[in-house]
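Data first, discussion second: the structure below is written as C-alpha cells.
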Amino acid sequence: MSDPKREELQVKAKKAILVSVVSPSNHVDKSQALDELKGLVETAGVQVVGTLVQNREHPHPATCLGKGKLTELQQMVDHLNAELIIFDNNLSPSQGRNIEEETGTVIVDRSELILDIFATHAKTYEAKLQVELAQLLYFRPRLKRLWTHLERIEGGVGAGRGPGEKQLETDRRLLDRRVAELKRKLTEVERRRERTVSNRFQNLTVSLVGYTNAGKSTLMNALTGADVYIADQLFATLDTRTRRWQLPHWGEILLSDTVGFVRDLPHHLVASFKSTLEEARQADLLLHVVDSSNPEVEHHIKTVNKVLDEIGIDHENAILVFNKTDKIEDRSKLDVLRLKYDNGISVSAVSGEGLERLSQAVIDRLASGYVIVEIETPVGNGKLLSQLEDHSVIISREYSSDNSRVTLQARMAKRFLPILKICEDTELRIEGEEYPVPQETAPEETIPKV
C-alpha cells in the first residue's frame with residue numbers, strides 16, 4: 001500500500017532543496033524562515049543542497065509557489081541534481097501532485113517530514129502504533145496520486161473478471177480496516193496507561209513539557225540522576241519516561257518527561273499521541289522547559305501553550321524554566337525574558353546552575369495543595385491512624401495521660417481530606433479551625449496507598 005516511487009527514494013541520506021512560503025504578516029525574518037526546517041531535515045539525515053523562500057500573503061492554491069518561483073525551483077532541481085523537495089508548509093494533496101508534475105521530483109511537506117522522523121525514532125510498541133496511525137490518516141487523502149499508475153480492475157460475470165473497482169478503492173478499504181485496528185489497539189493502551197497514572201494518585205507528579213530540543217531529558221537526568229537518553233536533535237524522545245525525584249526537605253515525587261512540540265505539529269500526530277500525553281494531563285504541576293538561548297524562544301513558548309490548550313491541558317498550571325542559560329552570550333536577553341515572564345526560573349541542566357531555585361519553586365507550588373492538620377482520636381481508631389500513616393507526613397505525636405487518646409500533627413494533601421475515616425469521637429482541626437465531619441466516607445478499598 002506504499003508508493004513504489006517513495007520506496008525507491010527514501011528521505012534518509014538524499015539531496016534535498018528546502019522551500020518555504022512565508023506570509024509578510026507573520027513578521028518572519030526571511031533569513032530565519034528555514035532554520036527550524038533545517039533542524040528537522042538534519043534529524044532525518046537529509047543532505048541540504050539548496051534553499052528557496054518566497055514571500056506571499058497566501059500560498060498559491062494550485063502550486064503553493066508563484067509561477068516564477070516554481071520555474072526557479074525547477075531550474076534549481078536540474079542544476080543541483082536534487083532528489084527531494086521539502087516544503088516547510090503543509091501542502092494539500094492537489095498542491096503536492098501539481099508541484100511533483102512540474103518538477104519531476106518527489107515532494108515532501110512539513111507534516112510528512114515530521115512523521116518520517118517519528119517513524120525513525122519510534123522504539124516502543126505504543127509509539128510504533130501511534131506513528132503508523134498518524135501516517136495512515138495523513139496518506140489517506142493522498143492515495144489518489146499514489147495509485148494513478150494502476151488501471152481499473154475489470155468487473156462483470158465470468159472467469160478472470162475482477163471485483164469491478166479501482167485499486168484505489170480496494171486500497172482505501174484496506175487502509176480503513178487497518179486504521180480501525182490501530183485505534184482499537186491504542187484504546188487498549190490508553191486504558192492501561194490511564195489505570196497506571198490513576199494508581200499514582202497517592203504520589204505527587206510533575207511533568208516536563210516544552211518545545212523539542214529544549215533540554216527536557218537533560219534536565220530530567222540532572223534532577224533525578226536518571227540515565228535517560230539525550231541527543232542534540234529534534235524529537236530525540238518520543239516515549240514518556242517517569243523517574244523518582246527526591247526534593248530536599250520535602251520528599252519523593254514522580255517526574256515525567258514527554259514528547260516535545262513544534263509549530264504546526266500534524267493534527268493526526270497530536271491525536272495519536274494522546275495516551276502518551278496522559279502523564280502531563282494528570283500531573284499536579286508542569287515544568288514548561290524552553291531553550292532560552294534560541295532567538296525564537298517567545299514563539300516557542302506560545303506554540304507549546306497552544307498545543308497544550310488543544311489537548312485539554314491547562315498551561316497556566318506550569319512553572320516556566322529558562323534552560324540552557326550557559327549558552328547565552330548576552331545576559332541582557334535573559335533579563336528581558338525574566339521581566340516579561342516573572343514566574344520563570346533560569347537554569348542550566350548542564351552546569352547545574354539554578355537547579356536548587358527550581359526545586360524550591362516546585363516545593364512552593366506543590367505546598368499550596370497541602371495543609372497542616374491536627375487530629376485527636378482514640379488509639380483504637382486503627383483505620384484512621386493507618387490512613388494518616390499512608391497519606392501524610394507525621395510531624396508530631398502525643399498521647400493522653402491514660403494512653404487512651406492520641407493527638408497527631410501531620411502535613412497532608414487537601415485532596416485526601418474527604419476520604420479520612422472521621423468518627424464522632426475524633427476531632428480534626430486545620431490551622432486552628434475545626435473541619436466539618438464528613439457525612440459519608442469513601443469505601444476502604446478505594447483508598448490508595450503510598
Side-chain angles (χ1 to χ4, degrees), residues 22 26-43 48 88 206-226 228-237 245 247-248 255 257-265 285-308 315-365:
V22 180
N26 291 337
H27 306 292
V28 177
D29 188 340
K30 198 171 180 179
S31 62
Q32 299 177 353
L34 291 171
D35 285 354
E36 184 172 280
L37 186 63
K38 288 177 181 177
L40 289 170
V41 298
E42 181 180 332
T43 301
V48 179
D88 194 35
V206 176
S207 280
L208 298 169
V209 297
Y211 214 77
T212 184
N213 206 30
K216 298 186 298 300
S217 297
T218 304
L219 181 61
M220 185 176 194
N221 287 346
L223 295 174
T224 66
V228 174
Y229 172 75
I230 57 175
D232 186 18
Q233 59 179 216
L234 306 184
F235 301 118
T237 303
W245 180 15
L247 287 172
L255 182 65
D257 184 17
T258 59
V259 64
F261 303 138
V262 292
R263 63 174 174 83
D264 300 329
L265 197 63
L285 179 66
L286 301 178
L287 295 184
H288 180 172
V289 185
V290 297
D291 179 359
S292 58
S293 66
N294 193 300
E296 297 292 321
V297 57
E298 293 190 55
H299 176 69
H300 291 179
I301 293 173
K302 293 177 182 178
T303 297
V304 172
N305 288 340
K306 180 181 177 182
V307 175
L308 290 174
H315 71 264
E316 297 291 341
N317 182 34
I319 295 176
L320 204 56
V321 182
F322 295 115
N323 193 22
K324 301 188 180 182
T325 55
D326 54 297
K327 291 187 176 183
I328 299 179
E329 297 180 359
D330 185 359
R331 303 293 288 190
S332 64
K333 294 181 179 179
L334 185 59
D335 294 335
V336 172
L337 285 175
R338 286 171 175 167
L339 288 173
K340 189 165 186 178
Y341 302 94
D342 54 4
N343 66 331
I345 306 293
S346 304
V347 306
S348 170
V350 173
S351 68
E353 177 190 354
L355 295 185
E356 290 185 5
R357 291 195 303 272
L358 176 60
S359 297
Q360 188 58 51
V362 171
I363 291 173
D364 293 342
R365 286 288 292 270

Smallest separation among heavy atoms of [X] and [Y], with atom names:
{"X": "Arg338", "Y": "Ser346", "answer": "NE-OG, 2.9 Å"}
{"X": "Lys216", "Y": "Tyr211", "answer": "NZ-O, 3.4 Å"}
{"X": "Leu355", "Y": "Ala222", "answer": "CD1-CB, 3.9 Å"}
{"X": "Ser217", "Y": "Asp257", "answer": "OG-OD2, 2.7 Å"}
{"X": "Ser348", "Y": "Asp326", "answer": "OG-OD1, 2.7 Å"}
{"X": "Asn323", "Y": "Ala214", "answer": "ND2-O, 3.1 Å"}

Does the side chain of [Y] come within less than 4.5 Å of [X]'s, by heavy atoms?
{"X": "Lys333", "Y": "Leu337", "result": "no"}
{"X": "Leu358", "Y": "Leu287", "result": "yes"}
{"X": "Val289", "Y": "Val347", "result": "no"}

Would you compute the distance between atom [atom1] of [X] and atom [atom2] of [Y] and round it to the nearest 0.5 angstrom?
{"X": "Thr224", "Y": "Leu255", "atom1": "OG1", "atom2": "CG", "result": "6.5 Å"}
{"X": "Ile301", "Y": "His288", "atom1": "CD1", "atom2": "NE2", "result": "6.0 Å"}
{"X": "Asn343", "Y": "Ile345", "atom1": "CG", "atom2": "CD1", "result": "8.0 Å"}
{"X": "Ile328", "Y": "Ser292", "atom1": "CD1", "atom2": "OG", "result": "3.5 Å"}
{"X": "Asn294", "Y": "Lys324", "atom1": "CG", "atom2": "NZ", "result": "8.0 Å"}

- Message: Tell me whether the count of non-hydrogen atoms from other residues, nucleotides or ligands lying under 6.0 Å of CD in Glu353 goes above 12.
- Response: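 Above 12, so yes.
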- Among all residues two or more places apart in sequence or in another chain, which pass the side-chain hydrogen bond (donor to acceptor under 3.5 Å, both in side chains) test with Ser293?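 In terms of side-chain hydrogen bond (donor to acceptor under 3.5 Å, both in side chains), with neighbours along the sequence ignored, Ser293 is linked to Asp291.
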Please tabulate, for the side chains in residues 315-322, all donor-acceptor contacts under 3.5 angstrom to protein atoms that are two or more places apart in sequence or on a different chain.
| from | atom 1 | to | atom 2 | distance (Å) |
| --- | --- | --- | --- | --- |
| His315 | ND1 | Asp309 | OD1 | 2.9 |
| His315 | ND1 | Asp309 | OD2 | 3.3 |
| Asn317 | ND2 | Asp284 | O | 3.1 |

